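Working notes, structure below.
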Amino acid sequence: MLFSGVDLEGSVKEEPVVKKANDSARSAAPILKSVRSKLNVGCDSNSKPGESSSLLLNSDGSLPFYFIDAHEELYGPNSGIIYLFGKVKEAGGTYGSCCAVVNNMQRCVYVIPNGSVRCKGKWDFKGRVSLTLQEMASVLKKEVKEKLFEQGVLNFTMTPVKRSYVFERPDIPMGEQYVLKITYPFKYSALPPDLKGEHFSALLGTNCRALEHFLIKRKITGPSWLSFLKVASCSSAPHKVSWCKFEVTVDDPKEVRISKVSMQIPPVIVTSINLKTVINEKQNVNEIVSASVINCCKAKIDSPTSEWEKPGLLKHLTIVRKLEEDIFPMGFEKEFAIRNAKDITLSQESTEAALLNRLFLKIYNLDTDILVGHNISGFDLDVLLHRAQACQVKSHMWSKIGCLKRSAMPKLTKADTIYGSGASRGIMTCTAGRLICDTYLCSRDLLKEVSYSLTPLAKTQLNKDRREIASHEIPKAFQSSRSLMELVECGEADARLSMELMFHLSILPLTRQLSNISGNLWGKTLQGARAQGVENLLLHKFHAYKYIVPDNIPTRGKNLNFAKRRLIYSVDGGNVDNLNTREITSENDLQQVNQGKRKKGPAYSGGLVLEPKKGLYDKYILLLDFNSLYPSIIREYNICFTTVERSADGSVPQLPSSKMPGILPELLKALVERREKVKESIKTTSGLDLQQLDILQQALKLTANRLFCIYGCLGYYNSRFYAKPLAELITSQGREILQSTVDLVQNDLKMEVIYGDTDSIMINSGLDDVKKSKQIASEVIKKVNKKYEYLVTDLDAMFKRMLLLKKKKYVAVKVQFKDGKQYEVVECKGLEMVRRDWSLLSKEVGDFCLSQILSGGSGEDVVVSIHNSLMKVQKEMRKG
DNA sequence: ATGATAGGTGGCGAGA
DNA sequence: TCTCGCCACCTAT
């Protein structure tokens, strides 16, 4: 099955077979026994004295591990080591956090030999000598061996293997051929990507990351149950590298497998954080005065969590500190005592450093899997770590914000990052092992709202009023006990709202499913890295079919590479016209790079927009729409890296003639079919499973929406799978399809097309009757759909009245049906009132005018009424 | 570093 | 003062 992470039928069944390995079973058993005994010693912090916990094993003696997050150090002595974070099951049936250290990762580099080898398995070397595979291999091996020694790589294996290459590098031949696969340990540095030799023209995979290699090779697609066949050792408390409850070491990556038994997906521990800060004017930095934490210890990730507010699941704590050398206001001690009567929910500290220590310790003790907060990645985490640095919080404390013990703080980027741009790499490094769920970023992805601040979101989504305290008001809060308690409550309320938002939007189950579908790391999906999702999907798929994938261009020095890449890969420059043109081209490109991201002219032409026949229409207008046009084109014409022949001069390629289905079309087919299947399952299932299916369907819908991203990634310059010719081919087909549809409707069906944009056309039916219009529409649709196999048009809407003003600007009264009843909705596209950069007044006035125009009243009445209202507005403005 | 291109609109400054 | 080109911003698909 394609996406093994998603289990459609009969997902929840078997519990893991509890404890003990078969005595005779595997040699792993004794090791695991010792693991277990060590773990009893090792799990120091979380278990109460006298309580001992041991891990449950599968019946074959392997250790089940629910994989959640992973991390690799990119620099330093630990690069090449992979850290997996997840959950293991304890004897009591509870779950504990676990870190698995995977050692001995091997680099994997492909050597592309010179000359053609596609002729009958013989290596045609420089067209002169024809050698056998074995002979050629030995010549090549000898040279590669020398080169490896030169690079200081002393320990390696070499194997000739058959692989295909179908991407955009002109220096690597397309199609299947024998290449030499080299593997060597990560402790040796990466080979230079441009290394060449007498017998080989290129290297691929030189800088592949250990983690990516691991996940692709082990076919791990997002959060899922894994089993560790052998666990080499288990560190006890002082020797642990992580803050997790348990820690194991895996010395052979191949001992990590996807679990074949389906087991219940464990709940996770979610901690919501909200900081209240004051601005230190002298240094222009935020200082923390209070931190609120809300913890839910059993959040479901396979279905929506509905009862998260149930007593016992939720705990809260707010830590406040004194402002400057002040003392806490009068009466605070009393409040303090009341709040802590039953449970510690309020904590007072005298310094910011003490507050931070307390908070980090709390997160550690909670054994948090997921940190949540509104704009947590853009604000709270950044402030936390900067303050930890400024207050000289010890590394064994601040590093508890993540799961890996650290001694040095990674470079944090400046605090003044753009609102909502996500966390910096340094912050993500610190939090490795705990997922970051930023409800601000997520709602921006999942919802369409005017504003994504907490206050409006709380209102529109949760129907709750949020009390806001402006940042300059915060110092005043310390003047009285009452106002200070209000500050505390505000912090807790905010933390709570953010968590509620997360549950309300089912962010965890949704993003988990998305990660499973695309094979992405959950943390990346939460960060909204859409391009990366597609990248992973393609990586998994192409690897499975034995294709060598395009190299990962490292971020560092990318700007330099940009121009270089342009020169190497650019088909524009490939024109043998003259060298001058080429140099100018690359110089222009360099300029574009230097001028930054703001200036980016389109690289190729996109969708067709028809000139609108402007005016007010009062007969029924039919809006016809091709369902996900670009993905369908890929399927319809079998467009793929593997099928389209790219021309050398950079012109738009021809449609493929190959009937062999390409990988992209197959992928889309699988996704579409999968969605259909889920839809069907939804009809026939009930109860809890239905909720799960619903999430699945939502996720699939999201992916379907993001199928567009597959096209996007083909046209996205920084994408690993950048293929301008393919993107161009797709859009050019799109234009042709739209045009031919227009021609069909106008010439053959003799109907008037008044507008069209990329994948849609509007037809003036000239009718007053709904039913007749509908009938006509279905006839048109039938005719259009007959022409295509996968492309499907649909009647998107019928407009009773419409005002068509410009390209991409129109208002219409849409007719809809619900329970057999007809009702009308106003749809407004592109006009001022749907834009955020127009004032409320102009929106209101516009709204009124349009409602008048579309009311269907006589022309004169409308004019009079609009005029009157405008006069009224004018008067009001003069007054104001 | 964080899918695409097409298109409308107001603001701004240069130049007539 | 007016026009024009450029830019930032936001939207449609």
Side-chain angles (χ1 to χ4, degrees), chain A residues 377 413 417-418 420-425 428 441 444-445 448 450 518 520-521 523-538 552-559 561-562 565 593 595-612 614 623-631 633 703 705-724 726-732 734-735 737-738 755-762 796 804-812 827-839 842:
Chain A
S377 60
T413 41
T417 44
I418 317 146
S421 64
S424 74
R425 190 176 286 274
M428 293 314 281
L441 288 178
R444 228 173 36 165
D445 261 13
K448 193 174 159 27
V450 194
S518 65
N520 207 1
L521 277 176
K524 300 278 184 189
T525 311
L526 278 166
Q527 287 282 299
R530 282 183 272 211
Q532 201 148 19
V534 176
E535 184 181 308
N536 263 297
L537 192 59
L538 297 182
N552 194 5
I553 309 305
T555 322
R556 252 216 285 197
K558 194 161 195 167
N559 275 5
N561 275 345
F562 193 93
R565 222 176 123 192
V593 177
Q595 276 169 12
K597 313 103 205 173
R598 57 178 82 158
K599 209 184 180 183
K600 55 163 193 187
Y604 57 93
S605 42
L608 176 67
V609 185
L610 302 178
E611 195 55 50
K614 297 167 195 171
L623 176 59
L624 267 54
D625 217 89
F626 282 102
N627 296 333
S628 37
L629 180 71
Y630 288 168
I633 289 175
T703 16
N705 290 341
R706 290 174 189 191
L707 290 184
F708 187 70
C709 293
I710 293 189
Y711 152 74
C713 283
L714 299 179
Y716 172 44
Y717 193 82
N718 288 322
S719 157
R720 200 157 158 187
F721 289 91
Y722 179 61
K724 194 170 101 171
L726 296 192
E728 259 181 316
L729 181 58
I730 292 167
T731 55
S732 81
R735 290 192 294 274
I737 286 165
L738 187 70
Y755 179 57
D757 186 342
T758 312
D759 62 353
S760 68
I761 55 168
M762 288 184 192
D796 206 50
L804 182 54
L805 292 167
K806 295 225 149 171
K807 283 180 174 178
K808 297 181 194 290
K809 279 185 195 277
Y810 61 86
V811 229
E827 203 171 87
C828 188
K829 298 282 185 186
L831 294 182
E832 297 89 87
M833 49 265 253
V834 298
R835 293 173 64 103
R836 290 176 300 175
D837 54 351
W838 281 74
S839 74
S842 68

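Convention: sequence-line order gives letters A, B, ...; per-chain numbering from 1. Quick caveat, the model's predicted, so the values are computed rather than measured.
Each of A:Glu832 and A:Val609 was matched to the nucleotide of DNA chain B holding its nearest heavy atom; the match closer to the 5' end belongs to A:Val609.
The separation between A:Lys448 atom NZ and C:dA12 atom C1' is 10 Å, rounded to whole Å. If you measure from atom CZ of A:Phe721 to atom C1' of B:dA4, you get 18 Å, rounded to the nearest angstrom. Per the geometry, CE belonging to A:Met762 stands 12 Å off P belonging to C:dA12, to the nearest Å. Rounded to whole Å, the distance from CG on A:Leu804 to C1' on B:dG7 is 14 Å. Atom pair A:Arg720:CZ and B:dT2:P shows a separation of 18 Å (rounding to whole Å applied). Rounded to a whole Å, the CG atom of A:Asp837 is 11 Å from the C1' atom of B:dG8. To the nearest angstrom, C1' of B:dT5 lies 6 Å from OH of A:Tyr711. Atom CG in A:Asn718 sits roughly 13 Å away from atom C1' in B:dA4 (whole-Å rounding).
Remark: of the listed residues A:Leu623, A:Asp796, A:Leu624, A:Leu738, A:Leu623 is the sole one forming a side chain to side chain contact (heavy atoms under 4.5 Å, CB included) with A:Ser760. Shown are A:Ile710, A:Val534, A:Leu538; of these, the side chain to side chain contact (heavy atoms under 4.5 Å, CB included) with A:Phe721 is made only by A:Leu538.
Looking at the side chain of A:Cys709, the nearest of the listed nucleotides C:dC9, B:dG3, B:dA1 is B:dG3. Of the listed nucleotides (B:dG10, C:dC9, B:dA1), B:dG10 has the atom at the smallest distance from the side chain of A:Trp838. Of the candidates B:dG3, B:dG8, C:dT11, the closest approach to any side-chain atom of A:Val834 belongs to C:dT11. Residue A:Pro602 places its side chain closer to B:dA6 than to any other of B:dG3, B:dA6, C:dA12. Comparing atom distances between the A:Arg425 side chain and each of B:dA1, B:dG7, C:dT13 picks out B:dA1 as nearest. Proximity note for A:Lys829 (side chain, C-beta onward) versus B:dT5, B:dG7, C:dA12: the nearest is C:dA12.
More than 12 heavy atoms of other shown residues, nucleotides or ligands fall within 6.0 angstrom of atom NZ in A:Lys809.
Using P as the reference atom, C:dC9 and B:dT2 are 15 Å apart when rounded to the nearest Å.
If you check every strand for non-hydrogen atoms under 4.0 Å, A:Tyr630 touches nothing. Backbone-only contact: A:Gly606 has heavy atoms under 4.0 Å from sugar-phosphate atoms and none from a base. Using a 4.0 Å heavy-atom distance criterion, A:Thr731 is classed as making no nucleic acid contact.
Proximity of A:Lys808 to the phosphate of B:dT9: no side-chain N or O atom is located under 4.0 Å from OP1 or OP2. Side-chain nitrogen and oxygen atoms of A:Arg836 include at least one within less than 4.0 Å of the OP1 or OP2 phosphate oxygen of C:dT11. The shortest distance between the side-chain N/O atoms of A:Tyr810 and the OP1/OP2 oxygens of C:dT13 is below 4.0 Å. One finds a side-chain N or O of A:Lys806 lying less than 4.0 angstrom from the OP1 or OP2 phosphate oxygen of B:dT9.
Shortest non-hydrogen contact noted between A:Gly533 and A:Ser518 is O-CB, 3.5 Å.
Contact annotation: the side chain of A:Arg836 approaches that of A:Val450 to within less than 4.5 Å [non-hydrogen atoms, C-beta and beyond]. Proximity of A:Gln527 to A:Met428: side-chain heavy atoms (C-beta onward) are separated by under 4.5 Å at one or more points.
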